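Below, each value reflects all heavy atoms present in this structure, side chains not excepted, and no hydrogens, waters or symmetry copies. Just so you know, ligand 1 is whichever comes first in the structure, and atom 1 is the first atom listed for that ligand. The model shown is predicted, which means the values in this text are computed figures rather than measured ones.
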Amino acid sequence: MIEFKNLVKTYGKINAVDNLSVKIEKGEVFGLLGPNGAGKSTTILMLCGLIQPTSGECYIDGTEVSRNPIEVKRRIGYMPEDVGFYPNLSAEQNLEFFSKLYNIPEKERRTRTDELLDLVGLSGVEKKVGGYSKGMRQRLGIAKALINDPDVVILDEPTANLDPQGVSDYRKIIRNISGSDKTVLVSSHILSEVSKVCSRVGIMQKGRIIKDGSWDELARNLDLLGLPEIIINVETASGMPELVHDDIIRVDYSGGMTKAKIIASCDIRTDIGRILIENRIVPREIALDAITMEDAVLSYYNEVNS
Ligand code: ADP
């Protein structure tokens, strides 16, 4: 549904996007994860047809973007980091305005506006958008990105301005969208955000995607990264045996009878599963801690720097 083919964007001597190639299938929620300056926004602007690539191509469902900008814009919904709204209009009036730009027939316009306001939790809010909090504006931004019922939804740093409640609401909204057959591309520099909503992640550094895959696929390479410590969270249905293993550095049992946090020198999730089963204990979760995934992503970044 989305394809980047040898995409390049240079600004003077800076390679903002450097020969980037990746394919994103229909229905995927793909996360572009990278530090500030990695090239995420530049990639997204080219995909939306808002800036021209220096070379290479972007495709939306087989249609090349820079040669067919209008056609592509009809099929995508884009939320930039800072969405512009008319401050003296309500959410409903703003959405109505944008839906007119897409020539959506009046009857459909009403239904769609109502549905979207409901989806983002802004139904019945009479207040003018000028008085909105950053989180409310962001939610309205998601509604605006969906107004033309796009096949592809592109969100640039959608959680940048949100408080924890806003982040949690945003996750629910994305789950809702992804259940409706749409393809979503979301950029973020915050690992936990991408890991929670995305089915696949591309780790971006210096204009390139240096690794891509599901969290599980990325996590499977952990041993190759040479991390000094790996944290594994274990939860069972009934009690916890004493966890003994040569590669365990220490175990924190303070989380209660059914929980343990293992600090190990390598990824021993499979062995932990076996120990539990040998002790006739049903595992509920044997998962890598977020800190470990963060270290892994940093290792991927360092790999490309060395
Ligand atoms: P990200 O979205 O990952 O933070 P960007 O795509 O905004 O990264 O930027 C990638 C690189 O390109 C940065 O070094 C940035 O300074 C540079 N860059 C982006 N836009 C421009 C521009 N219009 N002119 C010059 N340099 C730019």
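Close N/O approach between K40 and ligand 1 is found [any backbone or side-chain N/O within under 3.5 Å]. For ligand 1, none of its N or O atoms has an N or O atom of A16 under 3.5 Å away. In terms of polar-atom proximity, G39 is counted as a contact of ligand 1, with an N or O under 3.5 Å from an N or O of the ligand.
S41 and D156 form a side-chain donor-acceptor contact under 3.5 Å, judged by distance and modelled atom types alone. If you check the side chains of D169 and Q165, you find a donor sitting under 3.5 Å from an acceptor. For the residue pair K261/N233, the side-chain donor-acceptor check at 3.5 Å is satisfied. For D216 and S214, the side-chain atoms include no donor-acceptor pair closer than 3.5 Å.
Taking atom 10 (C) of ligand 1 as the reference point, the nearest protein heavy-atom neighbour is G37 O, 3.4 Å. Considering only non-hydrogen protein atoms, atom 24 (N) of ligand 1 sits nearest to Y11 CD2, 3.4 Å. I14 CG2, 3.9 Å is the protein heavy atom nearest to atom 14 (O) of ligand 1. Shortest contact from atom 9 (O) of ligand 1 to any protein heavy atom: T42 OG1, 3.8 Å.
At a 4.0 Å heavy-atom cut-off, ligand 1 does not touch S187 at all.
E92 has a carboxylate O that lies under 4.0 Å from a charged side-chain N of R110, or vice versa, which qualifies the two as a salt bridge. In summary, D18 and K206 do not engage in a salt bridge, as defined by a charged side-chain N under 4.0 Å from a carboxylate O.
With respect to K144, the side-chain contact (heavy atoms from CB on, under 4.5 Å) criterion is satisfied by exactly one of V120, V83, N94: V83. When the options R75, K26, R74 are evaluated for a side chain to side chain donor-acceptor pair (under 3.5 Å) with D151, the one that passes is R75.
Of all the atoms in ligand 1, the ones that sit under 4.0 Å from a non-hydrogen atom of N36 are 4 (O). Under a 4.0 Å criterion applied to the non-hydrogen atoms of S41, ligand 1 contributes the atoms 1 (P), 2 (O), 6 (O), 7 (O). Of all atoms in ligand 1, listed by their number and element, those nearer than 4.0 Å to a heavy atom of A38 are 1 (P), 3 (O), 8 (O).
Using a 4.0 Å threshold on non-hydrogen atoms, atom 19 (C) of ligand 1 counts as touching the protein. Protein heavy atoms all stay at least 4.0 Å away from atom 16 (O) of ligand 1.
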*asked:* Let's go through E64 and S66 carefully: what are the C-alpha distance in whole Å and the side-chain angles of both, what is the deciding distance for side-chain hydrogen bond (donor to acceptor under 3.5 Å, both in side chains) to 0.1 Å, and is it a yes or a no?
replied: CA-CA 6 Å; E64 206 280 317; S66 66; 2.9 Å; yes
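Residue-ligand proximity: P35 is placed with a non-hydrogen atom under 4.0 Å from ligand 1.
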